[in-house]
Amino acid sequence: IIVTAGPTIEPIDPVRFISNHSSGKMGYALVDAACNKGANVTLISGPVHLKNHPESELIKISTADEMLQAFEKINLKKIDYIFMCAAVSDYSPKNKNSQKIKRENNDLKIECTSAPDIIKIIAKKTDATIIAFALETENGEKNAQKKLKNKNADFIVLNYANEEGAGFNSNTNHVYIYDKNGQSVEFKKDRKDRIAYKILDWVTN
Ligand code: PMT
């Protein structure tokens with residue numbers, strides 16, 4: 001099993017970056033649950049303050065490009081499940097300044113370029129079951145279904161960034177899972193460690 005977790009950070013200059021609020025808690029809970037069930041787990045993780053399960057192999061990355069490089073080093077033909085729980089950047093600053101950008105009197109514009117859509121790229125190279133995640137603030141089901149299709153995933157786990165006790169950083173989550181055969185399930189608000197077992201059981205059964 002491969003699990004991705006945490007944020008990616010895309011540098012603007014040596015002291016600033018574009019990132020998000022992912023704590024890694026959901027992804028690390030999936031790693032714990034999978035290891036406890038006896039799976040062989042590789043965790044590809046952005047910068048977080050969590051300890052990985054001692055039985056998992058940890059690959060640390062910072063940017064979306066580095067996450068893609070990490071996937072490229074793994075023989076994806078041998079993988080059964082890929083849980084894409086990381087909050088990967090969709091955009092990356094076009095020019096990474098080698099020196100700190102100085103304050104000027106005019107506005108600052110940061111031009112961004114598309115980051116690699118990792119799920120879309122790896123889906124073509126593996127027969128593994130791919131579990132995408134969708135973090136939404138509105139029209140959750142519609143957006144999640146669209147991502148499930150566009151990204152060629154087998155399942156998508158929807159959670160909301162603007163719901164109390166769900167999404168980023170909290171110790172609990174409330175999720176909906178949709179699959180490409182039209183089936184769906186809701187797991188009501190619960191601790192992320194319990195939600196992790198429920199997600200694993202649902203997608204592996
Ligand atoms: O880490 P926590 O604080 O516990 O929070 C957990 C979580 C909210 C981060 C997690 O449950 C979650 O929703 N993760 C996915 C966040 C996200 O990036 O969602 P998205 O809707 O923007 O992306 C859709 C899917 O495409 C995701 O599986 C993502 O990993 C993947 N993706 C995104 C961008 C990109 N360039 N490549 C990708 O593969």
Side-chain angles (χ1 to χ4, degrees), residues 2-10 18-33 43-50 52 61-72 76 81-93 112-126 128-179 187 189-196 198-200 203:
I2 298 176
V3 179
T4 69
T8 59
I9 61 171
E10 308 295 328
I18 296 174
S19 190
N20 59 68
H21 297 292
S22 173
S23 63
K25 286 177 187 171
M26 191 68 246
Y28 278 60
L30 278 165
V31 171
D32 287 347
L43 165 63
I44 304 176
S45 178
V48 297
H49 302 282
L50 297 173
N52 66 306
I61 55 93
S62 291
T63 64
D65 276 335
E66 286 173 18
M67 182 177 284
L68 182 59
Q69 285 162 25
F71 270 104
E72 281 167 350
L76 293 178
Y81 294 93
I82 301 175
F83 292 85
M84 293 293 293
C85 193
V88 185
S89 192
D90 285 314
Y91 291 95
S92 170
C112 287
T113 169
S114 222
D117 191 336
I118 294 169
I119 297 188
K120 240 182 166 168
I121 297 168
I122 61 170
K124 294 182 188 131
K125 301 179 178 174
T126 182
T129 299
I130 298 181
I131 303 94
F133 279 67
L135 182 65
E136 303 296 339
T137 54
E138 58 177 355
N139 301 324
E141 179 172 354
K142 196 170 149 221
N143 290 329
Q145 295 278 13
K146 201 169 152 194
K147 283 178 188 171
L148 176 69
K149 220 170 154 194
N150 283 349
K151 290 178 185 269
N152 254 321
D154 298 284
F155 294 87
I156 193 152
V157 181
L158 164 68
N159 51 184
Y160 285 90
N162 48 358
E163 180 184 336
E164 185 76 34
F168 283 142
N169 207 8
S170 88
N171 292 325
T172 54
N173 209 355
H174 168 205
V175 306
Y176 303 79
I177 306 182
Y178 304 96
D179 71 24
F187 296 135
K189 196 187 292 178
D190 202 345
R191 280 178 5 208
K192 278 183 175 164
D193 57 334
R194 292 200 197 106
I195 292 284
K198 289 177 187 173
I199 294 172
L200 265 183
V203 305

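Read the numbers this way: they start at 1 and go in the same order the structure lists the ligands and their atoms.
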How does P116 reach ligand 1, by side chain, by backbone, by both or by neither, if only non-hydrogen atoms under 4.0 Å count?
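Only the backbone of P116 comes within reach of ligand 1.
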Polar-atom distance check: E136 versus ligand 1, any N or O pair below 3.5 Å?
no
Distance under 4.0 Å to a non-hydrogen atom of [X]: what atoms of ligand 1 satisfy this?
X	result
N169	2 (P), 3 (O)
K25	1 (O), 2 (P), 4 (O)
G167	5 (O), 8 (C)
K192	2 (P), 3 (O), 4 (O), 5 (O)
M26	4 (O), 6 (C), 11 (O)
G24	1 (O), 2 (P), 3 (O)
A134	21 (O)
L135	8 (C), 13 (O), 16 (C), 19 (O), 21 (O)

Quick test: of every protein heavy atom, which one is nearest to atom 30 (O) of ligand 1, and how far off is it to 0.1 Å?
A86 O, 2.8 Å
Just need the protein heavy atom nearest to atom 14 (N) of ligand 1, so name the residue and atom and give the distance.
C85 O, 2.9 Å
If we only count heavy atoms from C-beta on, is the Y178 to L158 side-chain gap below 4.5 Å?
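When only atoms from C-beta onward are counted, L158 and Y178 do touch, with a gap below 4.5 Å.
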Does L68 have any side-chain contact (heavy atoms from CB on, under 4.5 Å) partners at least two apart in sequence or in another chain, and if so, which?
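By the side-chain contact (heavy atoms from CB on, under 4.5 Å) rule, L68 matches E72, P116, I118, I121.
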